[in-house]
Amino acid sequence: MSNATLHSKVAVGLSGGVDSSTTAVLLKEQGFEVLGVTLWLMRGKGQCCSEGMVDAAQLCEKLGITHHVVDIRDTFESYIIDYLVDGYQSGTTPLPCSQCNKAVKFGPMLRYAREELGADRIATGHYARTDYDPDQGRYQLLRALDRNKDQSYFLYDLDQDVLGAVLFPLGEYDKAQTREFARKFGLHVADKPESQDLCLIEAHGSMQAFLDKYITPKAGEIVDLDGKVLGQHEGIHHYTIGQRKGIGISAPEPLYVVALDAMRNRVVVATRDRATRPSCTVSRVNWVSIAPPRTPIHAEVQIRYRSPAVPVTIVPLEGGNRVKLVFDEPQFSVTPGQAAVWYRGEVLLGGGIIDRFEDTASSSAG
Ligand SMILES: Nc1ncnc2c1ncn2[C@@H]1O[C@H](COP(=O)(O)OP(=O)(O)OP(=O)(O)O)[C@@H](O)[C@H]1O
């Protein structure tokens with residue numbers, strides 16, 4: 001760490017968990033003037049809501065730092081709740097986290113840090129790393145050293161302004177080391193259980209329980225690729241592409257959800273061999289570590305948070321922020337609404353939202 005960064009101000013996003021608490025302690029140890037900021041995201045009780053705020057306040061008291069709570073519930077509601085409800089109703093499976101990071105967490109937090117706290121840096125407990133590439137003149141986003149905890153996938157939509165201002169101290173550590181630090185510093189949250197990947201699930205019990213509050217179930221048909229009716233469903237928002245369990249149809253071979261047809265209120269199922277896709281298009285693309293290419297490039301893509309990165313050719317489409325992904329091998333469970341994020345080695349090049357897939361099995365695209 002250079003002397004220039006000593007004593008500079010950093011606003012640390014505190015959710016009350018072990019990761020963000022340890023982040024605050026580590027930065028304080030490194031000589032930063034640390035300020036705690038908790039974004040009040042959701043109404044109700046729970047770790048993501050009021051309980052998290054109490055844990056964060058306790059930490060700030062222990063560290064002798066100020067704690068600032070920013071009531072951002074309306075922003076969360078309009079960017080995330082509405083986004084999810086609209087997405088599920090139109091037959092996609094939206095990923096809320098990257099949208100939340102961009103529009104609800106990092107953007108507003110950096111603005112608040114600069115304008116209200118006079119801090120030019122923010123930090124979070126995400127497992128990811130950043131770097132500056134002088135050749136490209138861009139900040140890069142890199143995978144965390146702990147590949148198992150790596151959260152860069154959720155951060156692909158951050159812009160250069162944010163990437164230049166953010167610190168991810170945990171990107172260099174694994175989770176066991178983080179807990180060890182937390183214990184060493186005597187943090188009461190050191191052994192707090194891992195939170196769910198999706199905070200809404202934590203708050204509502206399941207995605208279905210959350211959606212049922214907002215979407216009136218509308219029964220419809222479950223069909224095969226030829227349109228033959230195999231059964232009934234109680235609302236397409238209860239299904240996601242790639243799903244096998246809970247379809248409720250007995251067949252000689254396991255059936256998977258391969259498309260959600262919102263127009264006809266149908267769930268389309270097929271056997272696994274007919275559920276792979278050779279390509280898809282991606283919109284709202286954000287190029288992170290490199291400038292938007294003009295010609296196709298080869299990279300590795302992740303089409304879900306927990307899927308492996310697979311080889312792909314990325315073909316820029318007209319208009320700048322859309323691409324076509326042509327997989328080296330057809331992929332299973334390509335899901336409109338989820339993020340596709342492409343990497344070269346540990347460097348995250350860019351990402352966007354899957355909007356359509358090309359169908360190997362039938363002529364209807366998703
Ligand atoms: N409500 C919030 N207010 C401020 N910062 C937040 C909030 N929620 C999350 N963050 C920041 O984003 C990081 C990653 O959030 P995520 O929801 O993935 O939690 P996590 O990995 O369980 O972290 P933690 O253990 O700190 O809760 C957190 O470590 C924290 O720095």
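Counting starts at 1 for both ligands and their atoms, following the listed order. Side chains included, hydrogens not; waters and symmetry mates left out as well; all remaining heavy atoms used.
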(message) Would G13 count as being in polar contact with ligand 1, using the rule that some N or O on each side must be under 3.5 angstrom apart?
(response) yes
(request) Using distance alone, decide if ligand 1 has a nitrogen or oxygen within less than 3.5 Å of any nitrogen or oxygen in A123. (result) no
(message) Below 30° counts as parallel, above 60° as perpendicular, anything between as tilted: where do the rings of Y305 and F154 land?
(response) tilted
(message) Applying a heavy-atom cut-off of 4.0 Å, say which part of V12 lies close to ligand 1: side chain, backbone, both or neither.
(response) neither
(message) As an exercise, identify every atom of ligand 1 less than 4.0 angstrom from a heavy atom of G17.
(response) 24 (P), 25 (O), 26 (O), 27 (O)
(message) Do K62 and Q58 make a side-chain contact, defined as non-hydrogen atoms from C-beta onward lying under 4.5 Å apart?
(response) no
(message) For the CD atom of Q140 and the CZ atom of R129, what is their distance to the nearest 0.5 Å?
(response) 10.5 Å
(message) Quick check: D19 and ligand 1, any N/O pair under 3.5 Å apart?
(response) yes
(request) Kindly identify the option in V104, T178, L39 whose heavy atom sits closest to atom 2 (C) of ligand 1. (result) L39
(request) Go through the steps for C280 and F327 under the test side chain to side chain contact (heavy atoms under 4.5 Å, CB included), then give the verdict. (result) CA-CA 9 Å; C280 66; F327 307 114; 3.9 Å; yes
(message) Out of all atoms in ligand 1, which are within 4.0 Å of some heavy atom of V37? Include the element for each.
(response) 4 (C)
(message) Side chain, backbone, both or neither: which applies to L41 and ligand 1 if a contact is any heavy-atom pair less than 4.0 Å apart?
(response) side chain
(request) Give the single entry among K149, K105, Q151 that approaches atom 17 (O) of ligand 1 most closely by any heavy atom. (result) K105
(message) Could you walk me through whether L170 and T23 satisfy the side chain to side chain contact (heavy atoms under 4.5 Å, CB included) test, starting with their C-alpha distance in whole Å, then the side-chain angles of each, then the deciding distance to 0.1 Å, before giving a yes or no?
(response) CA-CA 7 Å; L170 300 190; T23 300; 3.6 Å; yes
(request) Report yes or no: does T23 have a heavy atom closer than 4.0 Å to ligand 1? (result) no
(request) Establish, for the pair R277 and F332, whether the NZ or CZ atom is under 6.0 angstrom from the six-membered ring centre and no further than 45 degrees off its axis. (result) no
(request) Keeping to residues at least two apart or across chains, list the ring-ring contact (aromatic ring centres under 6.0 Å, His included) pairs with something in residues 170-191. (result) Y173-F181
(request) Could you tell me whether some N/O pair between S15 and ligand 1 is separated by less than 3.5 angstrom? (result) yes
(request) Give a yes-or-no answer on whether the side chains of T335 and T93 include a donor-acceptor pair shorter than 3.5 Å. (result) no
(request) Check whether any N or O atom of V18, backbone or side chain, sits under 3.5 Å from an N or O atom of ligand 1, and answer yes or no. (result) yes
(request) Taking side chain to side chain donor-acceptor pair (under 3.5 Å) as the test, write out the residues that go with R179, two or more places apart. (result) E194
(request) Please say whether S20 places an N or O atom under 3.5 Å from an N or O atom belonging to ligand 1. (result) yes
